[in-house]
Amino acid sequence: MKGVLIMANYNIDTICVQGGYEPKKGEPRVVPIVQSTTFKYETSRQMGDLFDLKEPGYFYTRLANPTNDAVANKICQLEGGVAAILTSSGQAANFYAIFNIAGAGDHVIASSAIYGGTYNLIAKTMKNMGIETTFVDPDISPEELDSKFRPNTKLVFGEVLANPALKILDIEKFAKVAHQHGVPLIVDNTFPTPIFCRPFEWGADIVTHSTTKYMNGFANSVGGAVVDSGNFDWTKYSEKFPGLTTPDETYHGTVYTESFGKAAYIVKMTTNLMRDLGSIPSPQNSFYLGVGLETLHLRMERHYENALALAKHLEKHPKVSWVSFSGLENDSQHELAKKYLPKGSCGVISFGVVGGREAAVKFMDSLKLAAIVTHVADARTCVLHPASTTHRQMNDEELLAAGVSPDLIRMSVGIEDVQDIIADVDQALEK
Ligand SMILES: *Cc1c(COP(=O)(O)O)cnc(C)c1O
């Protein structure tokens with residue numbers, strides 16, 4: 001909730017290790033797990049001032065908790081934002097990010113290349129709540145994008161590096177058109193993480209994360225985060241965002257932009273959405289996330305290095321029909337990658353095996369080191385064959401229409417020794 005930029009002058013690797021938490025004399029060196037729902041005060045007056053938002057302080061973990069705040073601060077600093085909040089999942093993060101400024105009767109523009117869970121959230125659940133969405137191809141021209149706006153459009157949403165399509169969002173293009181229409185650009189930065197891309201530097205206003213993936217890094221807890229750059233001027237488009245710029249009667253007439261300035265968006269998310277919907281992470285899970293973040297810079301480098309080596313190997317393999325990874329020079333996303341992801345992208349690659357759906361299943365079953373799981377983006381190499389799992393109800397034609405070829409294998413390359421990963425893939429391809 002409080003994005004104090006205590007480490008703004010340090011480089012990102014240092015923020016990974018030490019950001020977000022500065023213990024004072026005699027306090028624990030490691031962020032403590034404050035596993036307490038409530039916090040004690042001496043007078044009712046003190047407590048009342050907290051409820052009125054007159055004083056900062058902890059009183060109930062659904063609204064704020066020191067462990068959660070320390071880890072949110074670290075992520076805030078990594079992204080270069082002014083305020084951040086943790087949520088209990090990536091799904092909750094994306095829902096809150098949108099619902100904080102859009103409600104029934106409003107309209108949203110979203111890239112069509114997004115995570116399936118987010119697509120369902122926006123296309124189904126939020127539609128049921130009265131929010132309409134226009135999905136656009138990420139390759140859309142600025143002119144065509146411009147034509148999709150309506151008077152009630154409240155935001156534009158996309159994924160920096162789409163899961164699982166691996167399409168890269170042209171952040172500058174989307175931000176420019178969004179700003180021309182007086183609305184913010186929200187991007188999900190789960191796959192690149194701030195190690196490889198800091199979307200605020202390209203004009204995005206708000207960043208979301210499923211911290212379940214690389215940020216946690218070890219697949220031990222589900223979580224999410226929302227970070228605000230503080231750059232979008234809500235008061236300039238006051239009529240579009242009354243929730244931020246007019247009195248909140250449930251908080252004694254607080255006007256968030258007046259009382260909290262650049263932190264208005266995150267404070268409103270805390271005082272309204274967390275209060276009413278309550279998707280807060282447990283402090284224990286936030287602790288695991290904090291520990292994971294301390295090695296994020298080392299792990300991302302290794303994920304990318306290993307994935308690139310495997311992608312180059314597969315490109316030349318006679319039993320592999322195609323490989324998709326933006327690090328490869330002839331990849332369709334390589335130009336955008338050079339601009340937005342110059343130091344690396346992530347560890348996820350997709351490829352097709354010669355022989356289609358059946359050969360893909362055989363390949364999967366023959367792997368020994370790489371595990372078959374629905375999860376992606378953690379330290380252990382894992383694989384998924386959408387045609388026989390997440391998309392198994394579809395026939396080959398339906399799969400192609402959904403942008404998933406029957407032979408598509410998604411491999412989330414871990415941080416093991418790359419020679420062992422390649423050897424495992426090779427022996428499985430032989431079968
Ligand atoms: C996994 C994922 C989500 C959903 O996050 P959960 O933590 O599983 O709720 C959202 N966006 C992207 C890009 C993801 O990969």
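Order of listing sets the numbers, starting from 1, for every ligand and every atom in it. Treat the numbers as computed from the prediction; the structure is a model and nothing was measured.
- Scanning the protein for heavy atoms near atom 5 (O) of ligand 1, the closest one is Ser210 OG, 3.0 Å.
- At a cut-off of 3.5 Å, with distance as the only test, no side-chain donor of Thr87 or Tyr96 sits close to an acceptor on the other residue.
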Pairs of donor and acceptor atoms involving the side chains of residues 411-425, under 3.5 Å and at least two apart or interchain, shall be tabulated with distances.
| from | atom 1 | to | atom 2 | distance (Å) |
| --- | --- | --- | --- | --- |
| Ser412 | OG | Ala377 | N | 2.8 |
| Glu416 | OE1 | Thr381 | OG1 | 2.7 |
| Glu416 | OE2 | Thr381 | N | 2.8 |
| Asp417 | OD1 | Gln419 | N | 2.8 |
| Asp424 | OD1 | Lys368 | N | 2.8 |
| Asp424 | OD1 | Leu369 | N | 3.4 |
| Asp424 | OD1 | Gln427 | NE2 | 2.9 |
| Asp424 | OD2 | Lys368 | N | 3.4 |
| Asp424 | OD2 | Leu369 | N | 2.9 |
| Asp424 | OD2 | Ala370 | N | 3.0 |

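- Enclosure of atom OH in Tyr119 is not indicated, since only 12 or fewer non-hydrogen atoms of other residues, nucleotides or ligands lie within 6.0 angstrom.
- A cation-pi arrangement, defined by a distance under 6.0 Å to the six-membered ring centre and an angle within 45 degrees of its axis, is present between Lys213 and Tyr115.
- Other residues, nucleotides and ligands place more than 12 heavy atoms under 6.0 Å from the CD atom of Gln284.
- Given atom 6 (P) of ligand 1, the protein heavy atom at minimum distance is Gly90 N, 3.4 Å.
- Judged by the shortest distance from any of its heavy atoms, Ala93 lies outside the 4.0 Å radius around the atoms of ligand 1.
- With salt bridges taken as basic N to acidic carboxylate O contacts below 4.0 Å, none links Asp365 and Lys431.
- Contact atoms of ligand 1 toward Gln91: 4 (C), 5 (O), 6 (P), 9 (O) (distance under 4.0 Å to a heavy atom of the residue).
- Those atoms of ligand 1 that come under 4.0 Å of a heavy atom in Asn163, given as number and element, are 14 (C), 15 (O).
- Less than 4.0 angstrom separates some heavy atom of Glu159 from each of these atoms of ligand 1: 13 (C).
- For ligand 1, the atoms lying closer than 4.0 Å to a non-hydrogen atom of Gly223 are 7 (O).
- Looking only at heavy atoms of the protein, atom 15 (O) of ligand 1 is closest to Lys213 NZ, 2.6 Å.
- Lys312 places none of its side-chain heavy atoms less than 4.5 Å from the side chain of Phe325.
- In the candidate list Thr212, Asn94, Asp188, Thr190, Thr212 is nearest to atom 7 (O) of ligand 1, counting heavy atoms.
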